K.L.:
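Structure in structure tokens, see below.
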Amino acid sequence: MSSHEPTAASTGELPAYRYTAELAQEIESRWQKHWEAEGTYHAANPVGELADAQQAAKPKKLVVDMFPYPSGKGLHVGHPLGYIGTDVYARYHRMLGYNVLHTLGYDSFGLPAEQHAINTGVHPRVNTEDNIANMRRQLARLGLGHDFRRSVSTTDEDFYKWTQWIFLEIFNSWYDTDLDKARPITELIAEFDAGTRQLADDRQWSSLTQAEKRTTVDSYRLAYLADSPVNWCPGLGTILANEEVTAEGRSDIGNYPVFKRNMKQWMLRITTYADRLLGDLEALDWPEAIKTMQRNWIGKSFGAQIRFGSDAGPLEVFTTRPDTLFGASFMVLSPEHERVAALTTQKQKAEIEAYITASKAKSDKDRADDTKEKTGVFTGSYATNPVNGEQIPIWIADYVLMGYGTGAIVAVPCGDERDFVFAQKYGLPIPAIQTPPTQWFTSQEAEPSEDATTWPKAFTDDAPYCNSKNDSVNLNGISQVAEAKKVINAWLEANGHGEATVSYRLRDWLFSRQRYWGEPFPIVYDAGGVAHGVPVDQLPVVLPALDDFKPTAMDPDDNVTEPIPPLARATDWLEVELDLGDGVQTYTREINVMPQWAGSCWYEMRYLDPTNNDAFVDPEIERYWMGPAEEGASGGVDLYVGGVEHAVLHLLYARFWHKVLFDLGHVSSFEPFHRLFNQGYIQAYAYRDDRGQPVDAQSVEERDGSFFYEDEQVTQEYGKMGKSLKNIVTPDDMYDDYGADTFRLYEMSMGPLDASRPWNNRDVIGMARFLQRLWRNIVDEQSGKAHVTDSAVDPKTAQMLHKTIASVTEEMTHLRFNTAIAKLIELNNVLTADVGVGKVPKEVAEPLLIMLAPLAPHIAEELWSKLGHTTSVTQQSFPVADESLLVDETITVVVQVNGKVRGKIDLPADVSEADAVAAVLELEAVSSRLEGNEPRKTIVRLPKIINIVV
RNA sequence: GCCCGGGUGGCGGAAUUGGCAGACGCGACGGAUUCAAAAUCCGUUGCCCUUCGGGGCGUGAGGGUUCAAGUCCCUCCCCGGGCACCA
């Protein structure tokens with residue numbers, strides 16, 4: 001299909017009022033203007049500027065799309081899939097009588113915008129605003145039922161004022177582990193002052209200096225400065241969060257190398273929420289796959305912290321298998337472990353130092369590559385195993401990471417595969433402390449043996465323990481890992497050797513970026529370098545104008561040069577006179593900016609109350625839209641739709657911020673997104689010529705199963721839509737060729753919303769034909785006037801209508817728009833074939849249009865008005881099926897003989913089982929197979945089936 | 001390696017609790033309309049055999065449970081995604 005083909009209107013040979021692309025476009029732009037002028041899709045708040053008490057008295061539905069980054073490339077047909085899905089859902093619920101809030105904002109800060117701006121030399125704001133305008137234009141033509149008054153961009157000063165405000169709330173909070181919630185830092189100070197809370201160490205609060213008090217308080221804050229190893233990406237000129245680094249040790253964006261180095265950075269204490277982030281997943285209606293990914297990322301593991309004696313003092317290790325402690329044969333420290341130097345003997349010194357130097361030189365990628373053989377060096381010292389007093393050698397090895405657990409492990413080679421391989425390589429002992437079952441040896445094709453050195457690998461399952469006793473604890477005879485853990489943990493605690501603990505994989509969130517295009521921190525430093533929050537009445541801290549906003553240009557492989565954030569060059573802005581309580585002083589501003597994720601941590605709440613100047617959201621308005629439906633419920637967005645790529649990053653960060661706001665009493669919901677739905681992706685076919693070059697996919701023709709481009713045969717492949725594959729189809733192409741309604745219908749009919757599917761231009765025509773047939777059933781193509789009848793609906797059609805209503809309702813509720821569309825087509829096909837064009841009763845046409853309205857709002861609105869209505873079809877009540885019409889008078893029972901279908905029989909709906917069987921036995925298809933014998937068995941499942949076993 | 005999804009006509013995909021496999025759409029074929037084509041409309045279309053009554057086979061492969069399996073159980077193959085020295 002191309003836009004050059006003659007159409008009805010252009011040739012003039014077709015009826016004047018045929019539903020063509022031109023007519024569709026005219027109808028669509030007319031109604032879009034009308035809806036906009038009427039505020040048809042405005043959602044009402046209970047209070048405030050957007051209040052409407054009558055509307056807000058209805059039940060509410062908050063529907064949110066993951067908001068897009070406004071890309072300069074424009075949209076292709078894959079992008080709106082989710083937006084159409086939520087639009088249909090929102091419109092459907094509006095017709096069910098809900099006060100529906102649906103809009104779309106823009107995540108316009110961040111690296112992609114800035115990279116693009118750097119490449120083109122255009123200021124990020126100019127570029128970003130152009131992109132947003134273009135996206136709004138493309139999306140406006142879709143006819144989305146959004147409340148445009150509520151659309152926000154994270155780069156709006158009005159918006160990022162509140163992002164900064166929330167950061168200050170986090171900065172000014174600490175986590176009270178007793179109450180298990182965040183509290184204002186002022187309350188912590190008050191408790192210290194009152195003496196109701198003691199310091200974690202032995203010092204007395206009252207005897208601390210002002211500076212010491214401040215350092216102590218800072219160590220409690222949920223936002224804190226840390227000089228710690230970070231992911232430094234010179235190619236992007238910034239550091240990155242763990243979540244933004246790929247498994248290959250490269251940047252998520254741009255694929256540049258990432259290096260570990262120490263830098264002073266803002267961190268957010270997300271780890272204090274690890275347990276709640278994990279546990280509260282239970283309260284969420286999310287795809288199980290996403291929950292699993294979050295659980296894995298949080299990585300909670302139960303074990304024990306155990307102290308081993310050594311010449312350099314006690315060494316703490318974390319292990320998930322304290323039950324295997326009797327099998328420990330060596331200990332491994334991370335090369336960065338603070339005790340390494342003290343433990344290294346003179347003899348081993350050279351080797352240890354060489355190893356440390358070598359591992360520092362290794363990139364994270366090399367260190368994390370588990371296909372490489374593990375290496376390590378003996379320190380020369382020994383540790384004492386608390387369970388049996390045994391002296392075990394202490395090694396260092398770079399497979400032990402400083403950032404997890406304690407940076408030290410106890411190695412039990414018979415029960416851990418890595419330890420096993422390491423022990424084999426370096427000839428360390430492998431004592432057995434469990435007797436694996438014979439089947440285990442058989443499945444490994446090995447001889448059963450109690451000598452673990454002969455085992456093919458480590459054994460990690462349940463099995464009876466052996467060689468595991470001392471004078472006061474005995475694991476021998478226990479055969480369950482869980483039970484042995486309990487016993488040994490109790491012993492460790494009782495004897496002061498350690499305690500049962502929990503460890504998490506989740507790290508604190510590294511929150512600063514050395515870039516320009518992000519929210520400035522509302523933080524200033526005094527002459528002593530102490531961080532202070534900017535007073536709330538001075539927010540927002542506006543991003544200063546810069547001529548040169550680029551980060552220091554970096555060689556992607558240069559991991560030495562110190563980065564200088566662009567804001568350091570904003571000399572006028574950098575220093576500020578403030579009175580923070582002890583007189584006007586000069587302060588220096590923080591020059592890092594927040595990461596892209598900041599704005600998306602709370603944007604859905606700004607939709608609720610976009611004009612509020614006193615709060616990020618009015619608590620009453622938040623409670624109305626997001627408050628928990630009942631005691632114990634999470635609250636949050638009713639339906640949140642977006643791609644699965646945000647499974648960890650955005651969704652984890654947003655949950656964290658929301659929980660802080662909840663703890664501080666700013667919101668009533670403890671989760672931001674109650675129901676999450678991942679839409680699939682649209683992919684497309686691409687074609688290459690014999691040189692392997694992609695050719696314009698839209699010009700490829702199919703003949704007899706082969707594909708041709710300008711009469712040359714080309715090969716088909718399947719992949720992402722993109723410039724490089726020359727297979728982009730844009731929404732604009734669809735508007736031109738068919739109109740928005742056909743496009744919407746096609747996207748929704750392709751398959752279930754959560755499945756990825758191939759785009760096929762060729763298939764779109766099917767939905768255009770459906771709308772054309774529907775149009776013709778209601779409108780005379782010559783006159784353009786409605787030609788429905790006032791006659792009564794015949795019983796058969798009435799039943800068809802009500803069955804359609806019942807199933808469309810069901811499908812819509814479960815976001816199964818593809819099957820909802822199929823049902824509507826079926827009904828329309830019946831009207832075309834059985835009732836006849838021009839004879840469709842109004843009584844059928846009207847509910848049909850109402851049901852179509854969420855999916856194809858423009859044509860539904862046009863036909864609705866042609867039927868003489870003056871109110872919008874989008875504000876009609878969704879039809880309700882008449883239960884009495886759903887019941888058939890006769891049932892069609894499938895007749896099986898030996899489980900195979902041999903015929904059907906129509907019987908009265910109230911037929912008895914005996915009569916039904918009798919009737920079935922009369923059937924030729926059955927009697928001929930019985931050959932005069934009695935059936936061995938009859939299974940009767942009215943109204944579905946009767947099975948005769950011969 | 002581990003953890004999730006998934007495999008149904010030529011294609012996209014339908015199929016409550018196990019109960020007519022292939023809804024709906026595309027394509028293909030045949031017909032109507034047309035000078036002709038496009039567009040539109042009608043019909044046929046899982047595969048194989050058929051004496052045109054019908055018969056056999058069929059949901060990745062193999063096995064099982066059941067009167068009955070796309071659906072439940074076991075083993076395996078393939079595809080997609082996530083995680084991956086986490087102690």
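The structure presented is a predicted model; accordingly, all values stated were derived computationally and were not measured. Within every chain, numbering begins at 1; the chains are lettered A, B, ... in the order of the sequence lines, protein sequences first and strands thereafter.
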K.L.:
Can you tell me the distance, in whole Å, between the CD atom of A:Glu826 and the P atom of B:G13?
P.N.:
19 Å
K.L.:
Look through every strand shown and name the nucleotide pairing with B:G58 as Watson-Crick or G-U wobble, where both distances are under 3.5 Å.
P.N.:
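B:G58 is unpaired by these criteria.
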K.L.:
Considering every strand and a 4.0 Å limit on heavy-atom distances, what is the contact class for A:Arg295: base, sugar-phosphate, or nothing?
P.N.:
nothing
K.L.:
Which part of the nucleic acid, if any, lies within contact of A:Ser749, taking any heavy atom under 4.0 Å across all strands shown: a base, the sugar-phosphate backbone alone, or nothing?
P.N.:
nothing
K.L.:
Quick test of your reading of the model: are A:Arg941 and A:Glu913 salt-bridged, counting only N-O distances below 4.0 Å?
P.N.:
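Answer for the salt bridge query: no.
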K.L.:
Can you check whether any acceptor in the base of B:C67 is under 3.5 Å from a donor in the side chain of A:Lys937, or vice versa?
P.N.:
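For A:Lys937, whose side chain was compared with the base of B:C67, there is no donor-acceptor pair (under 3.5 Å).
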K.L.:
At 4.0 Å (heavy atoms only), tell me whether A:Arg816 reaches a base, stays on the sugar-phosphate, or touches nothing.
P.N.:
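No contact.
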K.L.:
Do A:Arg321 and A:Asp416 sit within salt-bridge range, that is, some charged N less than 4.0 Å from a carboxylate O?
P.N.:
no
K.L.:
If you look at every strand shown and take non-hydrogen atoms under 4.0 Å, does A:Asn818 touch a base, only sugar-phosphate, or nothing?
P.N.:
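It contacts sugar-phosphate atoms only.
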K.L.:
Is it true that, when you exclude A:Lys823 itself, more than 12 heavy atoms of the residues, nucleotides or ligands shown sit nearer than 6.0 Å to its NZ?
P.N.:
no
K.L.:
Remember a base hit wins even if backbone is also touched, and classify A:Pro287 as base, sugar-phosphate or nothing at under 4.0 Å, heavy atoms.
P.N.:
nothing
K.L.:
Looking across every strand, which nucleic acid part, if any, lies under 4.0 Å from A:Arg941 by heavy atom: base, sugar-phosphate, or nothing?
P.N.:
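If one applies the 4.0 Å heavy-atom cut-off, A:Arg941 turns out to touch a base.
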K.L.:
Answer with yes or no whether the side chains of A:Gln305 and A:Glu316 bring together a donor and an acceptor at under 3.5 Å.
P.N.:
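Yes - a donor-acceptor pair under 3.5 Å links their side chains.
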K.L.:
Select base, sugar-phosphate, or nothing to describe what A:Asn947 touches, counting heavy atoms under 4.0 Å on all strands.
P.N.:
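Counting heavy atoms under 4.0 Å across all strands, the contact made by A:Asn947 includes a base.
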K.L.:
Using the side-chain heavy atoms of A:Tyr404, tell me which of these nucleotides is nearest: B:G56, B:C86, B:G25.
P.N.:
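Nearest to the side chain of A:Tyr404 among the choices is B:C86.
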K.L.:
Would you mind classifying the nucleic acid contact of A:Ile939 as base, sugar-phosphate or nothing, using non-hydrogen atoms under 4.0 angstrom?
P.N.:
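The residue A:Ile939 makes base contact.
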K.L.:
With a 3.5 angstrom cut-off on both distances, give the Watson-Crick or G-U wobble partner of B:C35, or none if there isn't one.
P.N.:
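Partner of B:C35: none found under 3.5 Å.
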K.L.:
Do you know which of A:Leu325, A:Val387, A:Thr406 makes side-chain contact (heavy atoms from CB on, under 4.5 Å) with A:Ile306?
P.N.:
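Only one option passes, and that is A:Leu325.
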K.L.:
Within the structure shown, what part of the strands sits under 4.0 Å from A:Glu810 by heavy-atom distance: base, sugar-phosphate, or nothing?
P.N.:
nothing
K.L.:
May I ask you to say what A:Arg773 touches in the nucleic acid, namely base, sugar-phosphate or nothing, with a heavy-atom cut-off under 4.0 Å?
P.N.:
sugar-phosphate
K.L.:
A:Arg418 side chain: which of B:A21, B:G82, B:C85 is closest?
P.N.:
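Out of B:A21, B:G82, B:C85, the nucleotide with an atom closest to A:Arg418's side chain is B:C85.
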K.L.:
Students often get this wrong, so: under 4.0 angstrom with heavy atoms, is A:Thr938 touching a base, only sugar-phosphate, or nothing?
P.N.:
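Nothing: the residue A:Thr938, judged by heavy atoms under 4.0 Å, touches no strand.
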K.L.:
My understanding is that a pair needs two contacts under 3.5 Å, Watson-Crick or G-U wobble. By that rule, which nucleotide pairs with B:G27?
P.N.:
B:U45
K.L.:
NA contact type, A:Ser756, heavy-atom cut-off 4.0 Å: base, sugar-phosphate, or nothing?
P.N.:
sugar-phosphate
K.L.:
Using both distances under 3.5 Å as the test, list the Watson-Crick or G-U wobble partner of B:C52, or none.
P.N.:
none
K.L.:
Counting only Watson-Crick or G-U wobble pairs whose two distances fall under 3.5 Å, which nucleotide matches B:U17?
P.N.:
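Per the H-bond distance test, none.
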